[in-house]
Amino acid sequence: MKIALLGYGKMGKVIERIALERGHEIVLKKDEFNTYDGLSTADVAIDFSVPTAAVDNISNCFHANVPVVSGTTGWLEHFDEMVALCNEKQGGFISSSNFSLGVNIFFELNEYLAKIMSQFDSYKVSMEEIHHTQKLDAPSGTAISLAKGVIENSSYANWTLDDAKQGEIHIEAKRIGDVPGTHTVTYDSIVDSIELKHTAHNREGFALGAVIAAEWLAGKTGIYSMKDVLNLK
Ligand SMILES: NC(=O)C1=CN([C@@H]2O[C@H](COP(=O)(O)OP(=O)(O)OC[C@H]3O[C@@H](n4cnc5c(N)ncnc54)[C@H](OP(=O)(O)O)[C@@H]3O)[C@@H](O)[C@H]2O)C=CC1
Ligand SMILES: O=C(O)C1=N[C@H](C(=O)O)C[C@H](O)C1
């Protein structure tokens, strides 16, 4: 399979290695300064870039008729525009705040736990995410997805980085050293706490998940999620 890499930083380089190990070919490595030459020859594109580049990268894929897997976080306010463009161009699209198998299992557990905990208002939920100091966005896309998982399964209405008011989920975003990504969901009461935690030991899981998603998406049209790829629906 021919793959275009949109973004060739920490993640792009791990994705390249894993894609080559799985027998794929890289036809474009797009960074901030080069062009999209080669994009239209790709079977699929994988975007792990920066929040300000994601919309251009994804739009160019739809215009070039190349299905795109996007892992870039911090551009969610434009998500609906990209969905509309994908539909208009009959493109293929998977976007996920986290492609690792472990985090996608964690997402399922988070939704299940939220359903149970919604019956017990003595517990208050909060979240913590820890990432490396080079991360541009806060809170992490994964923390936002976890908060949405709680909101859709409880009476919580919103998340905030500030002190939480009634009905809000507090997210604490910490930036420490080279941490690849740690997320904790805590339900706290006066008598005890319940914690659900995922710790990434490196970037391999994110990258492998993105390559598996790309293999799954190539040749398809439509808008999908990691639930489709991993058969979690
Ligand atoms: N969904 C998931 O599973 C995961 C998502 N992420 C997300 O992926 C993104 C990338 O992470 P990471 O690799 O660590 O970040 P890096 O900062 O290491 O890499 C970002 C890359 O994007 C490039 N870039 C900048 N502008 C453009 C542009 N206009 N077009 C294409 N590329 C551009 C940069 O190029 P240059 O070097 O020239 O500046 C750089 O190579 C982040 O948003 C992060 O949150 C990260 C891990 C997992
Ligand atoms: O920037 C990162 O590194 C990561 N970003 C993603 C996010 O914002 O959730 C996923 C992962 O935690 C690593």
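Start at 1 and go down the list; that is how both ligands and their atoms are numbered.
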- Message: Under the side chain to side chain donor-acceptor pair (under 3.5 Å) test against T73, which residue among D137, N98, T142 passes?
- Response: D137

Can you tell me which portion of [X] lies within the under-4.0 Å heavy-atom range of ligand 2? Options are side chain, backbone, both, or neither.
X: H132; answer: side chain
X: A143; answer: neither
X: T73; answer: side chain
X: H131; answer: side chain

- Item | Partner set under salt bridge (Lys or Arg N to Asp or Glu O under 4.0 Å) for D56, not counting sequence neighbours | none

So, regarding [X] and ligand 1 (criterion: nitrogen or oxygen to nitrogen or oxygen, under 3.5 Å), is there a contact or not?
X: T73; value: yes
X: Y36; value: no
X: S97; value: yes

- Message: Consider side chain to side chain contact (heavy atoms under 4.5 Å, CB included). Of S97, S95, S96, which one does M226 pass it with?
- Response: S96

First locate atom [atom1] of [X], then atom [atom2] of [Y], and finally report the distance between them rounded to the nearest 0.5 Å.
X: F99; Y: L230; atom1: CZ; atom2: CG; result: 10.0 Å
X: M117; Y: S154; atom1: CE; atom2: OG; result: 11.0 Å
X: F79; Y: E81; atom1: CZ; atom2: CD; result: 11.5 Å
X: K89; Y: C61; atom1: NZ; atom2: SG; result: 13.0 Å
X: L6; Y: I15; atom1: CG; atom2: CD1; result: 10.0 Å
X: N158; Y: K148; atom1: CG; atom2: NZ; result: 11.0 Å

Between [X] and [Y], is there a donor-acceptor pair closer than 3.5 Å when you use the side chain of the first and the backbone of the second?
X: D31; Y: N34; result: yes
X: T72; Y: A54; result: no
X: Y156; Y: V125; result: yes

- Consider ligand 1: state whether an atom of it lies below 4.0 angstrom from any non-hydrogen atom of G74. no

- Does Q134 have a heavy atom less than 4.0 Å from any atom of ligand 1? no

At what distance is the nearest protein heavy atom to [atom], and which residue and atom is it?
atom: atom 16 (P) of ligand 1; value: K10 NZ, 3.6 Å
atom: atom 9 (C) of ligand 1; value: S49 O, 3.2 Å
atom: atom 3 (O) of ligand 1; value: F99 N, 2.9 Å
atom: atom 8 (O) of ligand 1; value: F48 CD2, 3.4 Å
atom: atom 7 (C) of ligand 2; value: G141 N, 3.4 Å
atom: atom 19 (O) of ligand 1; value: G9 CA, 3.3 Å
atom: atom 6 (C) of ligand 2; value: S97 O, 3.7 Å
atom: atom 9 (O) of ligand 2; value: T142 OG1, 2.5 Å
atom: atom 11 (O) of ligand 1; value: M11 CG, 4.1 Å
atom: atom 29 (N) of ligand 1; value: A53 CB, 3.3 Å

Closer than 4.0 Å to some heavy atom of [X] - which atoms of ligand 1 meet that?
X: F206; result: 3 (O), 47 (C), 48 (C)
X: G7; result: 22 (O), 31 (C), 32 (N)
X: G71; result: 1 (N), 2 (C), 4 (C), 5 (C), 6 (N), 7 (C), 8 (O)

- Would a 4.0 Å cut-off, counted as strictly less than, catch a protein heavy atom around atom 35 (O) of ligand 1? yes

- Query: Is atom 5 (C) of ligand 1 less than 4.0 angstrom from some protein heavy atom?
  - Reply: yes

- Item | contact_flag P139 ligand 2 heavy-atom lt 4.0 Å | no

- Does H183 come within less than 4.0 angstrom of ligand 2, counting non-hydrogen atoms of the residue? yes

- Query: Is any side-chain heavy atom of F120 closer than 4.5 Å to a side-chain heavy atom of Y187?
  - Reply: no

Any idea which of [options] brings a heavy atom closest to [atom]?
atom: atom 30 (N) of ligand 1; options: L5, L6, D31; result: D31
atom: atom 8 (O) of ligand 2; options: M11, K10, R203, K135; result: K135
atom: atom 24 (N) of ligand 1; options: K30, K135, E32; result: E32

- Between the side chains of Y112 and N153, is a donor N or O closer than 3.5 angstrom to an acceptor N or O? no

- Item | Pair S140, H183: side-chain N/O donor-acceptor within cut-off below 3.5 Å | yes

For ligand 1, does [X] get within less than 4.0 Å through its side chain, its backbone, both, or neither, judged by non-hydrogen atoms?
X: S96; result: backbone
X: N57; result: side chain
X: A54; result: neither

- Message: Using a 4.0 Å cut-off to any heavy atom of S140, which atoms of ligand 2 qualify?
- Response: 7 (C), 8 (O), 9 (O)

- Message: At less than 4.0 angstrom from any non-hydrogen atom of N98, what atoms of ligand 2 do you find?
- Response: 10 (C), 11 (C), 12 (O)

- Sequence neighbours left out, what pairs pass salt bridge (charged side-chain N to carboxylate O under 4.0 Å, His left out) with at least one residue falling in residues 160-175? E128-K174, E129-R175

- Task: Work out which heavy atom in P139 is nearest to a heavy atom in I144; give both atom names and the distance.
- Result: CG-CG1, 3.8 Å

- Y8 ring centre to K30 NZ or CZ under 6.0 Å, with the angle to the axis within 45°? no

- Task: Check the pair K227, E111 against salt bridge (charged side-chain N to carboxylate O under 4.0 Å, His left out), reporting the backbone distance first and the verdict last.
- Result: CA-CA 13 Å; K227 280 186 194 275; E111 288 173 23; 3.6 Å; yes

